[in-house]
Amino acid sequence: MDAFDLFRKLGAGAKFDLKRFGQDAARFKTHKPKGTDVSDPFSSIDYFGKASTNKPQEDDCEDGEVLNESEESDAGDKRKRKHEQTDVKTNVKKRKKSKVAKGISWTSDLDKKILNLQNGDKEKNSLKRLKHLHQEKVNRIRAQHRINVHGCDVPDPLCTFEELQSEYRLHSRILQNLNDAGLDSPTPIQMQAIPLMMHVNKDTSILTLCLGVCPTGSGKTLAFCLPLLSHLQQPANLGFRAVIISPTRELATQTYRELLRLSDGVGFRVHIIDKASLAAKKYGPQSSKKYDILVSTPNRVIYLLNQDPPALDLCSVEWLIVDESDKLFEEGKTGFREQLATIFLACSGPKVRRAFFSATCTPDVEQWCRLNLDNLVTVNIGHRNTAVETVEQELLFVGNEDGKLVAMRNIINKGFLPPMLVFVQSIDRARELFHELVYEGINVDVIHADRTQQQRDNVVKSFRSGHIWVLICTALLARGIDFKGVNLVLNYDFPTSAVEYIHRIGRTGRAGHHGRAVTFFTENDKPLLRSIANVIKQAGCPVPDYMIGFKKIHSKVKRRLEKQPPKRSTICTTPRFLMKKQKSKQKVKKNAIKGFDFYFV
DNA sequence: GTGCTCG
């Protein structure tokens, strides 16, 4: 292995910075040209197995940005460094002690090396080496947890929740609530997203966003709730300081509950809009502004904003969080994007920061972020758009529509382990299937957006409590909803895309538990079979080879897709008065407030 | 296709 290759591997996701480490590499090369000697300080690190399977993504290797990353993350650690400069020895000792006390499995090798460096030469380049070793350590942690970061000024990953208290003055009660909930160590997305969101707080002048993409059921909610609470510090009477937007009421409720549980005893006023007409009075201009965090679906917020006078004031919002962001970015006549744009505009405070989270990432979202936001940092866990690996996935050919019902009855009669979620394509089909199954003598119910709020709440409640064994649902429950111990997800109707598939099966196998997903398919589903078979294969489940061998997409379909005019978003959240003066899109873009325009160029 | 106000 070439020395440069080796350094690249050590970088695990970051590109090797020749300018900075060229000297080291050259020296390294003269000493250990093949990099195979086990006594070598670098090759002794047990790390390659993981790192080599964890190929950095293409776009994570853009020259300029990664250069910034390595430099900036050093800068981000300036405080630590300063101490190290003056009193390195004690500092390292202290750090080592604290890490050990918290039970982190750092390789003691590295720490020894750092100490040895201090005891030995006090040369100038020892500091450089120290920095290098530290960076190496951080890279190794990221590689171990398959954390990929991309952007400037990315803080080091968090290894224990306790660090939140020492580093960011997290309320001790929140930490206690965490422990009470049985959460003792952060998941990969939490390790990176939490310090990232905390870190941007120190830098108030720049609009910052982080984009978190990681598998379903891996703790995204906590990843943004914790830094949120930590940042707000204390309840204040300034009006809402944080807004969380969810695509469904069920998900909003779930997030709301999670926030309540976390902030129990701290006194934050967390609100959810359950009835917009009632909420109008509550949050209107006459209100006392005694609230801190708002969780809602988008249209309710808009309803309040559209009242005259507006019944909701979002100008003191410091954090805008978009959960399931790719869903909320959907375009089209009835898409969410316009609604989201309105809310973006309403959060007009000077300190507003945004974070986008989802298990899947569409090019749309990412492109928009790259175009419109400064200091974009993205965090990916594992590979992008992949299914979680704890789900055992299976494709089942059922011939035709009738075959589905036969196969379904078969599963039920053979005896299955409830609870089971059954996904169908539309509300009508959900109703139909429900009527087919309701007389089977099993506890079955159905949920979709056409049912009343009361019915929806009851269904979710009884499914959670185990009174319902089989729940038929539409895309309403596809995203984010965390049911404990769903044993089987049945895709009765074939999912419309790989992304949809990933979200659906993500309802099972959550938080590391084992789950199972069965997907029915018929002749008609062939066009999408390949892409979903690929997802399954990538997650390590067996898939017949012929499926992968299918044409990428049916040529007719593809042609039809290509024929469609390349519709760009025409939504513009630039204030009207700017629009009248500037007709050209380019000019508007130029004059628009950075981060507030929704144009695609 | 799904989801997202109010009355």
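A, B, ... follow the sequence lines: proteins, then strands. Residue 1 opens every chain.
Counting 5' to 3', DNA chain B first comes under 4.0 angstrom of a heavy atom of chain A and last does so at the ends given by B:dG1 to B:dG7.
Residue contacts shown for A:Q425 are limited to sugar-phosphate atoms, with no base heavy atom under 4.0 Å away. The residue A:R249 sits close only to the backbone: its heavy atoms come under 4.0 Å of sugar-phosphate atoms, none of a base. Within 4.0 Å of A:K327, counting heavy atoms only, lies at least one base atom of the nucleic acid. Residue-level contact check: A:I427 touches the backbone only, with heavy atoms under 4.0 Å from sugar-phosphate atoms and none from bases. Using a 4.0 Å heavy-atom distance criterion, A:P298 is classed as making no nucleic acid contact. A:I302 comes within 4.0 angstrom of no nucleic acid atom, judged by non-hydrogen atoms across all strands. Note on A:R456: only backbone sugar-phosphate atoms sit closer than 4.0 angstrom, heavy atoms only; bases stay farther off.
Using a 4.0 Å cut-off between charged nitrogen and carboxylate oxygen, A:D482 and A:K220 do not count as a salt-bridge pair.
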Could you go through residues 294-303 of chain A and list every donor-acceptor pair under 3.5 Å that involves a side-chain atom there, pairing it with any protein atom two or more places apart or in another chain?
| unit_1 | atom_1 | unit_2 | atom_2 | d |
| --- | --- | --- | --- | --- |
| A:R300 | NH1 | A:I273 | O | 3.0 |
| A:R300 | NH2 | A:D274 | O | 3.3 |

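The nearest heavy atom of DNA chain B to A:T496 and to A:S296 marks one nucleotide each, and the one closer to the 5' end goes with A:T496.
For residues 277-289 of chain A, every residue pair satisfying the side chain to side chain donor-acceptor pair (under 3.5 Å) rule, not counting sequence neighbours, is listed here: A:H271-A:Y283, A:S287-A:Y291.
Checking each of A:D326, A:T386, A:N385 against A:T360 for a side chain to side chain donor-acceptor pair (under 3.5 Å) leaves exactly one that passes, namely A:D326.
At most 12 heavy atoms of other shown residues, nucleotides or ligands fall within 6.0 angstrom of atom CZ in A:R257.
A donor and an acceptor atom, one from each side chain of A:N534 and A:Q538, are nowhere located under 3.5 Å apart.
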